[in-house]
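Please read all numbers here as calculations on a predicted model, not as lab measurements. Chain A is the first sequence line, chain B the second, and so forth, proteins listed ahead of strands; every chain is numbered from 1.
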Amino acid sequence: MKLYLYGIIDSSNQTEESIYGLEGSGVYNIPYCDIGAVVSEISQPIQEVTAGSVLEHETVVEKLMANFTVLPVRFQTIIDGRDNLLSIMQSYYRDFKDNLERVSNKFEFGIKVIWSADKMKENIIKALNKEQQKKLEPASSSGKKFMKEKFEKYKIDKEFEAKADKLIKVMDIFFSKFAAEKKLTKLKTENLLLDAVYLVEKPQESNFREVFEHIKSARSDFKYLFSGPWPAYNFVVLSKKSSLLREPEQTNLFDKVTQSQTLVGVDII
Amino acid sequence: MIVPVHGRHITSVGFQAGKDKMNAVVVKSKEVTLLEILDRVLDKGVVISGDMVISVADVDLIYLGLKVLLSSVETIEKLKGSPFTSPM
């Protein structure tokens with residue numbers, strides 16, 4: 001019997017409401033000590049990953065989130081039988097327990113801030129040109145001109161980064177007031193000024209939203225995306241790998257193809 | 001405005017009223033929401049691997065494909081018009 005694993009919860013009790021997961025199978029909790037692994041039975045690994053199947057997975061996690069602290073498990077984690085699942089639970093128990101305690105009574109929120117990189121750079125160029133008109137003579141030789149252009153580009157890029165750092169720092173000061181943990185990525189693309197996730201205690205949710213509204217009105221020239229509440233997808237940290245487990249061959253492929261993603265989750269401030 | 005999709009909330013700014021615009025915003029917001037969900041469900045959370053876990057190798061490739069199609073909020077905005085209407 002194959003078990004599709006949705007998440008680890010801070011309870012060994014069954015869910016009160018009936019939840020149906022992938023393939024329409026009933027979702028249930030397999031207890032281990034005082035925690036549990038929420039699963040449904042599945043006939044075979046999903047051959048075609050669709051938006052629908054991802055949403056079905058997410059819907060189960062979301063329903064669990066309403067009543068439990070949840071460590072969401074990555075999509076399509078399928079365990080070969082109940083005994084194997086219990087071995088995994090035994091092996092990871094301390095890690096699961098620590099993470100459940102850390103994220104207990106907290107939600108994750110995502111914040112993306114988009115600015116116009118072109119417009120920012122235009123403004124920087126204008127400001128630099130004004131300065132240069134005062135200070136510098138025009139370059140006479142082609143060599144000097146080349147060096148001057150290189151230097152100007154460097155100054156623009158440096159100023160662009162500095163502006164981004166400054167803005168993110170200010171925003172983060174406000175958000176951090178009401179967040180327990182955070183992960184920020186600066187300039188994932190030139191226009192994506194900030195891609196951030198914050199872990200917020202449930203009683204602080206309204207304060208956190210209020211701060212977001214405040215920042216949004218203060219810099220209405222930027223565009224914003226606020227999402228949540230989510231379970232703590234970005235804040236689960238497994239400190240040890242189970243001695244029962246080994247890395248499958250395919251994980252390298254993922255590492256290679258998503259190198260650009262490795263910055264996600266790194267606090268760059 | 002706040003558009004609920006599967007219980008999630010996506011807040012966009014500077015929404016201008018109007019039925020057609022409203023529909024467009026809802027559709028785009030759903031895409032953005034899906035992107036946010038994909039980003040988490042496929043790329044974050046607890047990863048368990050090993051002999052006891054049956055996994056489908058192609059998932060990583062599918063994820064890559066999805067990332068190419070829905071590479072970023074910024075791309076969605078450029079390709080389809082912004083779900084946000086604040087001036088730049």
Worksheet item: Hey, mind stepping through Ile37(B) and Trp230(A) against side-chain contact (heavy atoms from CB on, under 4.5 Å) and telling me if it holds?
Response: CA-CA 9 Å; Ile37(B) 292 171; Trp230(A) 302 93; 3.5 Å; yes

Segment of [X] engaging chain B (4.5 angstrom heavy-atom cut-off):
| X | value |
| --- | --- |
| Val236(A) | side chain |
| Phe235(A) | neither |
| Leu5(A) | side chain |

Worksheet item: Can you tell me if CD on Glu101(A) sees more than 12 non-hydrogen neighbours from other groups inside 6.0 Å?
Response: yes

Discussion item. I'd like to know whether NZ of Lys163(A) has more than 12 heavy-atom contacts from other residues, nucleotides or ligands below 6.0 angstrom.
Written reply: no

Discussion item. Is there a side-chain contact (heavy atoms from CB on, under 4.5 Å) between Leu55(A) and Leu34(B)? Walk through the geometry before answering.
Written reply: CA-CA 8 Å; Leu55(A) 288 173; Leu34(B) 179 60; 4.2 Å; yes

Worksheet entry | All side chain to side chain contact (heavy atoms under 4.5 Å, CB included) counterparts of Ser25(A), not counting sequence neighbours | Glu23(A), Ser40(A)

Worksheet item: Are the side chains of Phe96(A) and Val46(B) in touch, meaning some heavy atoms are under 4.5 Å apart?
Response: yes

Item to complete: Look up atom CG in Leu35(B) and atom CG in Leu225(A), then write down how far apart they are to the nearest 0.5 Å.
Response: 8.5 Å

Worksheet item: Atom CG in Asp95(A), atom CD1 in Ile48(B): separation rounded to 0.5 Å?
Response: 10.5 Å

Worksheet entry | Donor-acceptor under 3.5 Å (Arg74(A) side chain, Asp43(B) main chain) | yes

Discussion item. Going by the rule ring-ring contact (aromatic ring centres under 6.0 Å, His included), which residues pair with Tyr93(A) if we only count those two or more places apart in sequence or in a different chain?
Written reply: Tyr32(A)

Practice prompt. Taking all heavy atoms of Val47(B) and all of Tyr92(A), pick out the closest pair and write down the distance.
Written response: O-OH, 4.4 Å

Worksheet item: Could you go step by step and tell me if Arg40(B) and Val197(A) meet the side-chain contact (heavy atoms from CB on, under 4.5 Å) rule?
Response: CA-CA 11 Å; Arg40(B) 283 174 169 80; Val197(A) 281; 3.4 Å; yes

Discussion item. Please evaluate residues Lys112(A) and Glu36(B) with respect to the criterion side-chain contact (heavy atoms from CB on, under 4.5 Å), reporting the C-alpha separation (whole Å), side-chain torsions for both, the decisive distance (0.1 Å), and the verdict.
Written reply: CA-CA 11 Å; Lys112(A) 287 182 168 68; Glu36(B) 290 288 295; 2.6 Å; yes

